[in-house]
Amino acid sequence: MASRAVTRCLFTVSSRNYSSKTDKNVAFLGLGNMGGFMAANLVKKGFNVRGYDPSKEAQTAAAKDGITSAASIAAAVDGADVVVSILPSNKVVLDAYLGKDGVVAHAPKGSLLIDSSTVDPNVPKEIFPVATKSGVGFLDAPVSGGVMGAQNATLAFMVGGEAKDFDRSLPMLKAMGAKQFHCGAIGAGQVAKLSNNMLMGITGMATAECMNMGIKMGLNPKVLLDVLNNSSARSWSTEVYCPVPDLVPTAPSSRNYDGGFKNELMVKDLELASSMALGIRSPIPLGAVATQLYRIVQSRGYGQKDFSYIYQLLKEEANKK
């Protein structure tokens, strides 16, 4: 009995490895700040990547990293073993996957579709049964780590979908990121991502607020940050993403708040999280406050800046008094 069990286990592992080796042709949809780097990392790991983006500039930049350009979604997914996408909104994702010229209509049977967009959990739940009926696998696999994580292949993937599809996706996800979490059934990846981003928005807001207060009271900004990073207030927002310029060289705040996670995307994600919370009547008082503050940043014309620009908003308000 023991030898049979071992044989069965080895066969399962062997078949998974063989499957991953055959998935070499990847279609990549969305070659912007995140997608361009993610697609480039797939190329570096030996995948053949054909990409599509409505922006010709994005496609031209991606071509320099070895990504073959496609003229449409249908052309990109033709013959693909795996399709990966990272797109900006619910509507764009639904149109890209379920439209007449979309992914599901043109992806080869047996292919695997991986959507890394951040959307309402109901979006992957709408796509999944259509994809299944068409003979293709589908995962929602949003990411955390921002542009730096995409560039350095250190992203964390939060995945919802069937276990066999998650196993099959691992070679691609590992080429683009450092951590992969199977969160549960379809849509679970989005729930995890929205929970993460709401907390990221709240802690980012709180860090900006407290740094601004301490600096206004006369503390040296570097000393204050050192205190926070060696005390109970330490967080990703203080260690990696400090909102005060010139304290953490790699943080967007030290690059004029450019090249990070845009404030307008933070607003989008907080609104998605708020809608999700409303649907289950889960109280989110801090999330609600954070949503409003980032909306104010956007209304003042700074939607394209990194979300840590909220520090400048609080600083300006303090200086008015």
Side-chain angles (χ1 to χ4, degrees), residues 2-30 34-35 38-39 41-50 76-77 79-87 93 97 103-104 107-119 121 123-145 149-150 153-193 195-196:
S3 61
R4 289 182 183 177
V6 171
T7 301
R8 188 179 299 114
C9 179
L10 290 174
F11 176 78
T12 301
V13 172
S14 175
S15 66
R16 282 180 184 169
N17 287 340
Y18 176 77
S19 175
S20 68
K21 289 179 180 177
T22 63
D23 290 333
K24 285 296 182 183
N25 298 314
V26 179
F28 205 104
L29 310 180
M34 297 284 291
M38 293 165 70
N41 285 326
L42 285 168
V43 173
K44 290 176 184 177
K45 291 296 184 179
F47 292 93
N48 306 314
V49 183
R50 185 189 300 140
V77 306
D81 301 311
V82 177
V83 178
V84 181
S85 61
I86 183 162
L87 304 169
V93 171
Y97 275 87
V103 176
V104 174
K109 288 191 183 304
S111 58
L112 176 64
L113 318 180
I114 306 171
D115 181 41
S116 289
S117 314
T118 299
V119 292
V123 169
K125 289 178 181 179
E126 184 173 342
I127 296 170
F128 178 73
V130 182
T132 300
K133 188 176 181 180
S134 297
V136 296
F138 179 76
L139 297 169
D140 63 294
V143 298
S144 178
T154 56
L155 294 169
F157 286 84
M158 292 149 274
V159 185
E162 295 184 356
K164 63 180 177 60
D165 291 331
F166 173 71
D167 289 344
R168 182 179 171 187
S169 76
L170 286 174
M172 281 69 68
L173 301 189
K174 288 180 178 179
M176 298 182 287
K179 297 180 180 179
Q180 307 80 30
F181 301 95
H182 187 210
C183 299
I186 200 72
Q190 299 297 341
V191 175
K193 173 62 188 292
S195 299
N196 176 84

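What you see below is based on every heavy atom in this structure, not just the backbone, and it leaves out hydrogens, waters and symmetry mates.
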Nearest-0.5 Å distance that lies between atom CD1 in I86 and atom CE in M38: 4.5 Å

For G79 against P108, the heavy-atom pair lying closest together: N-CG, 3.7 Å

Closest heavy-atom pair and its distance - S117, P142: O-CB, 3.6 Å

Under the side chain to side chain contact (heavy atoms under 4.5 Å, CB included) test, residues paired with K44 that sit two or more places apart: N41

Any S144 side-chain heavy atom under 4.5 Å of F157 side chain: no

Gap between atom CG of L87 and atom CG of D115 - 0.5 Å precision: 6.0 Å

Side chain to side chain contact (heavy atoms under 4.5 Å, CB included) involving V136 - partner list, sequence neighbours excluded: A107, S111, L113, A131

Solution key, residues 158-166 side-chain donor-acceptor pairs under 3.5 Å, sequence neighbours excluded:
from : atom 1 : to   : atom 2 : distance (Å)
E162 : OE1    : K164 : NZ     : 3.2

S169 vs L112 side-chain heavy atoms within contact, under 4.5 Å: yes

Smallest separation among heavy atoms of Q180 and A178, with atom names: NE2-C, 3.6 Å

V83 and I114, any side-chain heavy atoms less than 4.5 Å apart: no

Heavy-atom pair of closest approach, residues A175 and K45: CB-CG, 3.5 Å

L42 CG to L173 CG distance, which is reported to the nearest 0.5 Å: 9.0 Å

Which residues share a side chain to side chain contact (heavy atoms under 4.5 Å, CB included) with F181, sequence neighbours left out: A156, K179, C183

Pair listing, side chain to side chain donor-acceptor pair (under 3.5 Å) test, anchored in residues 128-143, at least two apart: none

Close side-chain approach of S85 to F28, heavy-atom, < 4.5 Å: no

Any side-chain heavy-atom pair of V26 and D81 under 4.5 Å: no

Heavy-atom check, side chain of N25 versus side chain of V82, under 4.5 Å: no

Working for salt bridge (charged side-chain N to carboxylate O under 4.0 Å, His left out), residues R168 and D23: CA-CA 9 Å; R168 182 179 171 187; D23 290 333; 2.9 Å; yes

Atom pair CE (M176) and CE (M34), whose distance is rounded to the nearest 0.5 Å: 10.0 Å

Value rounded to 0.5 Å, distance of CD in Q190 from NZ in K125: 10.5 Å

Over all atoms of both residues, closest heavy-atom pair of A27 and A76: CB-O, 3.2 Å

Non-neighbouring partners of T118 that pass side-chain hydrogen bond (donor to acceptor under 3.5 Å, both in side chains), sequence neighbours left out: K193

